[in-house]
S.K.: 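Pasting a structure here, questions to come.
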Amino acid sequence: MPSGWSGGPIWLEDDTFDVMAKVPAGTTAADAKPMLQALLADRFQLAVHNDTRPVLAYALKAGKRPQMKSATSEGPAGCQVTPPAPPPANGGPPAPSPFSFSCANITMAGLAEALRTTIFIAPQYLNDRVVVDQTDLKGAWDFDLKFTPRFLVGNGGTAPGSISLFEAIEKLGLRLDPLEVPLPVIVVDRVNEKPTPNSSKVAEALHETPPPSQFEVAEIKPTAPDFRGGRIQIQPGGRVNIAGIPLKFLIQQAWDVNNDTLVGALPWMDTDRYDIVSKAEVEGPQMDIDVFRTLLRALLAERFRLAVHTENRPAEAYTLVAVKPKLKKSDPATRTKCKEGAGADGKDPRDKAPTLSRLLTCQGITMAQFADRLSTLANGYIHSPVLDATRLEGRYDFTLSFSPAGMGQMAGRGGRGGGEAGPLAPSPLSDPSSAASDPNGTITVFQAIEKQLGLKLETQKRPVPVLVIDHAERKPIEN
């Protein structure tokens, strides 16, 4: 099986597509792969060939005394996850306990594959590298692998009891060594950015069922006074459980807005809390987030008599400008992408500065693309579109490391997207880069952009889209 891919145009990792297709009953995931390959060849004129090329990887190797047990049963191979304890209801710091993966009947080749796939928080450490088995250990094994998500780890960890993936692997008597190895890859020879048009009969052939427009049933009641905390759970089968959530936060979730782009909220919308249990008939095991938002909008409109509209209003918004640029021009063949984590060289500044737990690696990106994505890449800091006024042409490679919004203290108010207060996100009415770094080493995205990239986010007043609340009733309609 190929372990990577190469070649292709610069948009290959940046453009996204939705694909809906129907397969015969009983088709397995393995059976579906050649069908998808044929579809891509037909609709995108995709042409590829197999090759062997040097690939950055981690070698899984065995120490002198592996601390694992030979498998004792013939059951299915796999790893079951136990997540850490939830945060305290009183809003205290998160529990330091790591994720625990109980693995049974796993071969070392199976572990190497699982680290990239089913052990889902491991790729945070791997920086897109493949893992190859070089342990020479035969047979299957039982073991527990316990480690902490990457953003909590650095110089021993920022949370008590944190442990990195590499430390957890060493506790098993194994290790992960970085290296470059020749591996099978797929080379993209040709592909069209625009697929051929869909057939006029495709919707009928797929028997597409429109998503539901409202919940089948929903119960709303005031939250018990002694309940602390709050949660929104989208469960399998279309069930949604909401507990201890104010109406303002529900509106923010339903319309995907935040404090800065929501107008007309009354004080009680922040203080009165509600519990909601609802059910909708949805296809697939999990409700899509866009479907959830549509259903929640309809529920709030029906039960709270909520009426809203969207309009543009003058507000302070950010503009990206160049000061003393420190950017590296991209190779013309570099594909465009921005991702969380270190680049191909594996250098990770979070190891030396754990408070800078947000690390963005961008390659082949224009300043217009970077500005357009900043509100998503720096979630919690920026809540409206950013304009590019750098006048920098071409495409660039760079990394940007900063602290999450809400970590540490800074002058100014601000807030996280989704209605959570966050002291690191400064007010758009102030110059965010003028504040000093926090004594504990935290750096805002504004400071990082100026210090590390030689750019700056300045504020300008211009029209931005906001959601205006026209009417809402404090007491919802009876169940």
Side-chain angles (χ1 to χ4, degrees), residues 1-24 27-57 113 116-117 123 126-132 180-206 208 284 288 290 327-345 360-373 376-377 388 393-399:
M1 177 183 297
S3 300
W5 55 293
S6 180
I10 62 172
W11 54 263
L12 205 55
E13 293 184 69
D14 196 53
D15 289 12
T16 59
F17 303 88
D18 294 334
V19 178
M20 293 186 63
K22 188 176 180 180
V23 298
T27 300
T28 66
D31 296 333
K33 286 184 179 180
M35 299 178 188
L36 181 57
Q37 292 169 13
L39 176 67
L40 297 178
D42 176 39
R43 302 295 299 278
F44 289 88
Q45 302 301 300
L46 175 66
V48 301
H49 72 271
N50 294 319
D51 200 352
T52 300
R53 296 188 179 182
V55 173
L56 291 171
E113 176 64 20
R116 297 182 59 210
T117 54
L126 301 178
N127 297 324
D128 292 334
R129 296 189 180 201
V130 299
V131 181
V132 294
E180 189 176 85
V181 293
L183 291 173
V185 298
I186 293 175
V187 180
V188 178
D189 300 313
R190 183 187 70 247
V191 64
N192 293 338
E193 186 170 11
K194 184 177 180 180
T196 57
N198 295 314
S199 165
S200 59
K201 298 180 180 180
V202 66
E204 179 183 350
L206 288 173
E208 293 183 47
D288 181 82
D290 289 331
L327 301 169
K328 176 186 174 183
K329 279 274 191 177
S330 296
D331 184 289
T334 299
R335 291 192 294 264
T336 298
K337 69 175 179 180
C338 263
K339 70 180 185 72
E340 184 87 20
D345 60 7
L360 301 178
T361 299
C362 297
Q363 64 180 42
I365 191 169
T366 66
M367 289 297 97
Q369 290 172 324
F370 181 52
D372 182 60
R373 301 175 193 191
T376 300
L377 294 172
D388 169 37
E393 303 295 334
R395 301 185 302 123
Y396 299 88
D397 300 341
F398 56 86
T399 60

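Residues take their numbers from the sequence shown, with the count starting at 1.
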S.K.: Applying side chain to side chain donor-acceptor pair (under 3.5 Å), name anything that partners D288, two or more places apart in sequence or on another chain.
M.R.: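 D288: no side chain to side chain donor-acceptor pair (under 3.5 Å) contacts found.
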
S.K.: Spell out, as yes or no, whether a donor-acceptor pair under 3.5 Å connects the side chain of R43 to the backbone of K194.
M.R.: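 No.
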
S.K.: For T399 and T361, indicate whether the former's side chain and the latter's backbone hold a donor-acceptor pair under 3.5 Å.
M.R.: no

S.K.: Partners of Y396 by ring pair (Phe, Tyr, Trp, His ring centres under 6.0 Å), sequence neighbours excluded?
M.R.: none

S.K.: Rounded to the nearest 0.5 Å, what separates atom CZ in F398 from atom SG in C338?
M.R.: 5.0 Å

S.K.: Quick check for you: to the nearest 0.5 Å, what is the distance between K33 atom NZ and T27 atom OG1?
M.R.: 14.5 Å

S.K.: For the residue pair T366 and R395, establish whether any side-chain heavy-atom pair is separated by less than 4.5 Å.
M.R.: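 Side chain of T366 against side chain of R395, heavy atoms only: contact under 4.5 Å found.
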
S.K.: If you compare all heavy atoms of R116 against all heavy atoms of L126, which two are closest, and at what distance to 0.1 Å?
M.R.: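 Residues R116 and L126, closest heavy atoms: CG-CD1, 4.2 Å.
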
S.K.: For D397 and G364, indicate whether the former's side chain and the latter's backbone hold a donor-acceptor pair under 3.5 Å.
M.R.: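 Checked: pair present.
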
S.K.: How long is the gap from CG on L56 to CG on L183, to the nearest 0.5 Å?
M.R.: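 Answer for the CG-CG pair, L56 versus L183, is 10.5 Å.
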
S.K.: Should we say atom CD of E393 is surrounded by more than 12 heavy atoms from elsewhere, each under 6.0 Å from it?
M.R.: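 Open: at most 12 neighbouring heavy atoms sit under 6.0 Å from CD of E393.
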
S.K.: Identify, with sequence neighbours excluded, every residue that meets salt bridge (Lys or Arg N to Asp or Glu O under 4.0 Å) alongside D14.
M.R.: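 Partners of D14 under the salt bridge (Lys or Arg N to Asp or Glu O under 4.0 Å) test: R373.
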
S.K.: So, T334 versus D331: side-chain donor-acceptor pair below 3.5 Å or not?
M.R.: no

S.K.: Testing the basics here: between A57 and R129, what is the closest heavy-atom pair and its distance to 0.1 Å?
M.R.: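 For A57 versus R129, the nearest heavy atoms are O-NH1, 3.4 Å.
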
S.K.: Rounded to the nearest 0.5 Å, how far does CD of Q369 lie from OG1 of T336?
M.R.: 5.0 Å

S.K.: Between R53 and S6, is there a side-chain donor-acceptor contact under 3.5 Å, judged purely by atom types and distance?
M.R.: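 Distance-only check passes for S6 and R53.
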
S.K.: Mind checking what makes side chain to side chain donor-acceptor pair (under 3.5 Å) contact with R190, not counting sequence neighbours?
M.R.: none

S.K.: Please check: side-chain N/O of N192 versus main-chain N/O of Q45, any donor-acceptor pairing under 3.5 Å?
M.R.: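 Checking the backbone N and O of Q45 against the side chain of N192, no donor-acceptor pair under 3.5 Å is found.
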
S.K.: Can you pull out every ring-ring contact (aromatic ring centres under 6.0 Å, His included) where at least one residue sits in residues 31-53? Sequence neighbours excluded, please.
M.R.: F17-F44

S.K.: With sequence neighbours excluded, what pairs up with E13 under the salt bridge (Lys or Arg N to Asp or Glu O under 4.0 Å) test?
M.R.: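 Per chain and number, E13 pairs via salt bridge (Lys or Arg N to Asp or Glu O under 4.0 Å) with R335, K337.
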
S.K.: Could you tell me which non-hydrogen atom of L360 sits nearest to which non-hydrogen atom of E340, and how far apart they are?
M.R.: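 Looks like CD2-OE1, 3.5 Å.
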
S.K.: Taking all atoms of both residues into account, what is the closest heavy-atom pair of V191 and P9, and its distance?
M.R.: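 Here V191 and P9 meet closest at CG1-CD, 3.5 Å.
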
